[in-house]
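Just so you know, these numbers use all the heavy atoms, side chains as well, and skip hydrogens, waters and symmetry mates. Order of the sequence lines sets the chain letters (A, B, ...), proteins ahead of strands, with each chain counted from 1.
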Amino acid sequence: MKSDFSKKVIEVVKKISKGHTMSYKEVAILAGSPFAFRAVGNILNKNYDKRIPCHRVVRSDGSSGGYNRGSLQKMKILKKEGAL
DNA sequence: CGTATGACGTGCA
DNA sequence: GTGCACGCCATAC
């Protein structure tokens, strides 16, 4: 599985440094599709990989958005890493 | 192959 | 400042 786009998204998310958050839009842009932020969230939702710090990916509003382990845990991790 | 959905983003009321 | 609706891409069924 994992099409080229999804792989790119994963790669970008993996490149996010600790204590640094990126919006789905930013990830989509770096992935090569500035208007695919929709697909970005979708891919992470169905293909969330353990090596992907998707908890560092937040919405443009700064909302935690969603998380496979619960938005609460996501927020907690961000706070712990210093991104919040 | 075609339709519907989704961890979004922006605009308007 | 908050809530609703529309539009976009990729994936799943």
Side-chain angles (χ1 to χ4, degrees):
Chain A
M1 268 211 44
K2 288 194 182 116
S3 297
D4 185 59
F5 182 72
S6 56
K7 279 198 307 190
K8 202 70 186 280
V9 172
I10 292 165
E11 194 109 329
V12 173
V13 176
K14 276 167 61 177
K15 282 174 181 153
I16 303 177
S17 303
K18 184 178 125 221
H20 214 280
T21 53
M22 275 179 116
S23 59
Y24 290 93
K25 196 201 293 193
E26 294 295 293
V27 176
I29 293 168
L30 298 178
S33 298
F35 289 90
F37 44 78
R38 275 287 201 146
V40 175
N42 249 345
I43 290 162
L44 294 175
N45 182 19
K46 295 175 189 313
N47 274 310
Y48 63 92
D49 197 286
K50 189 180 173 183
R51 311 153 198 335
I52 306 178
C54 41
H55 59 262
R56 287 183 189 155
V57 185
V58 297
R59 285 187 57 165
S60 57
D61 305 275
S63 307
S64 308
Y67 194 46
N68 49 11
R69 294 205 56 200
S71 52
L72 187 68
Q73 187 68 11
K74 181 173 181 175
M75 200 189 337
K76 200 168 164 184
I77 296 168
L78 290 173
K79 186 171 185 152
K80 194 171 187 173
E81 299 212 330
L84 191 57

Participant: Find the distance A:E26:CD to B:dG9:C1' and express it as a whole number of Å.
Facilitator: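 After rounding, the reported distance stands at 12 Å.
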Participant: Could you say whether A:S23 or A:A39 is positioned toward the 5' end of DNA chain B, judged by the nucleotide with the nearest heavy atom to each?
Facilitator: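 Closer to the 5' end of DNA chain B: A:A39.
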Participant: If you look at every strand shown and take non-hydrogen atoms under 4.0 Å, does A:L44 touch a base, only sugar-phosphate, or nothing?
Facilitator: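 If one applies the 4.0 Å heavy-atom cut-off, A:L44 turns out to touch a base.
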Participant: Verify the contact: side-chain N or O of A:S3 to OP1 or OP2 of C:dT11, cut-off strictly under 4.0 Å; return yes or no.
Facilitator: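 Looking at the OP1 and OP2 atoms of C:dT11, one of them is under 4.0 Å from a side-chain N or O of A:S3.
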Participant: In whole angstrom, give the distance that lies between atom CG of A:D4 and atom C1' of C:dA10.
Facilitator: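 Those two atoms, CG and C1', are 12 Å apart.
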Participant: Select one nucleotide: of C:dA10, C:dA12, B:dA7, the one nearest the side-chain heavy atoms of A:K74.
Facilitator: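 My answer, after comparing the listed nucleotides, is B:dA7.
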Participant: Between the base of B:dA7 and the side chain of A:Y24, is there any donor-acceptor pair under 3.5 Å?
Facilitator: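 Indeed there is one.
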Participant: Expressed as a whole number of angstroms, how long is the span from A:K2:NZ to C:dA10:C1'?
Facilitator: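 A:K2 atom NZ is separated from C:dA10 atom C1' by 15 Å.
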Participant: Can you confirm whether more than 12 heavy atoms, excluding those of A:F5, are under 6.0 Å from its CZ atom?
Facilitator: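 For A:F5, atom CZ is crowded (more than 12 foreign heavy atoms under 6.0 Å).
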Participant: Given B:dG9, B:dA7, C:dA10, identify the nucleotide with an atom nearest to the side chain of A:Y67.
Facilitator: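 Taking heavy atoms from C-beta onward, the closest nucleotide is B:dA7.
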Participant: Without decimals, in angstroms, what is the distance between A:N45 CG and B:dC8 C1'?
Facilitator: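 Atom-to-atom, A:N45 to B:dC8, this comes out as 12 Å.
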Participant: For A:R38 and for A:F5, locate the closest nucleotide of DNA chain C by heavy-atom distance; then report the residue assigned to the nucleotide nearer the 5' terminus.
Facilitator: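 Nearest nucleotide further toward 5': that of A:R38.
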Participant: If you only use heavy atoms from C-beta on, which nucleotide in C:dA10, B:dG9, C:dT11 is closest to the side chain of A:K46?
Facilitator: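 Minimum distance to the A:K46 side chain belongs to C:dT11.
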Participant: So A:F37, base contact, sugar-phosphate only, or nothing? Heavy-atom distance under 4.0 Å.
Facilitator: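 Base contact.
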Participant: Find the distance A:K8:NZ to C:dC9:C1' and express it as a whole number of Å.
Facilitator: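 That distance rounds to 16 Å.
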Participant: Report the distance from atom CD1 of A:I10 to atom P of C:dT11, rounded to the nearest whole Å.
Facilitator: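 Rounding to the nearest Å, CD1 of A:I10 and P of C:dT11 are 10 Å apart.
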Participant: May I ask you to say what A:A36 touches in the nucleic acid, namely base, sugar-phosphate or nothing, with a heavy-atom cut-off under 4.0 Å?
Facilitator: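 Sugar-phosphate, backbone atoms only, no base.
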Participant: Closest approach to the side chain of A:N42, judged atom by atom: which nucleotide of B:dA7, B:dG9, B:dT5 is it?
Facilitator: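 Selected nucleotide (nearest to the side chain): B:dT5.
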Participant: Would you kindly confirm whether A:I10 and A:V12 end up in one hydrophobic cluster when ILVMFWY residues are joined by side chain heavy atoms under 4.5 Å apart?
Facilitator: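 The answer is yes; both residues are in one hydrophobic cluster.
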Participant: At under 4.0 Å between heavy atoms, what does A:S71 touch on the DNA or RNA strands: base, sugar-phosphate, or nothing?
Facilitator: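 Answer is nothing: A:S71 stays at 4.0 Å or more from every strand.
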Participant: Are A:M22 and A:F37 linked, directly or through other ILVMFWY residues, by side chains that come within less than 4.5 angstrom of each other?
Facilitator: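 Yes: a chain of side-chain contacts under 4.5 Å links A:M22 to A:F37.
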Participant: More than 12 heavy atoms of other residues, nucleotides or ligands under 6.0 Å from NZ of A:K74: yes or no?
Facilitator: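 For A:K74, atom NZ is crowded (more than 12 foreign heavy atoms under 6.0 Å).
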Participant: Nearest whole Å is fine: how far is C:dC6 P from A:F35 CZ?
Facilitator: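 After rounding, the gap between these two atoms is 20 Å.
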Participant: For A:A28 and A:A36, which heavy atoms make the closest approach, and how far apart are they?
Facilitator: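 Distance-wise, the nearest heavy atoms are CB-C, 3.8 Å.
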Participant: Given the rule that I, L, V, M, F, W and Y join up when any side-chain heavy atoms are under 4.5 Å apart, are A:L44 and A:I16 in one cluster?
Facilitator: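 Linked, A:L44 and A:I16 end up in one cluster.
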Participant: With a 4.0 Å cutoff (strictly under), does any side-chain N or O of A:S60 reach OP1 or OP2 of B:dG9?
Facilitator: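 Answer is yes, contact under 4.0 Å.
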Participant: Tell me: CD1 of A:I29 to P of B:dC8, nearest whole Å?
Facilitator: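 That distance rounds to 16 Å.
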Participant: Would you tell me if any nitrogen or oxygen in the side chain of A:K25 comes within less than 4.0 Å of OP1 or OP2 on B:dT10?
Facilitator: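 For A:K25, the contact criterion (side-chain N or O under 4.0 Å from OP1 or OP2 of B:dT10) is met.
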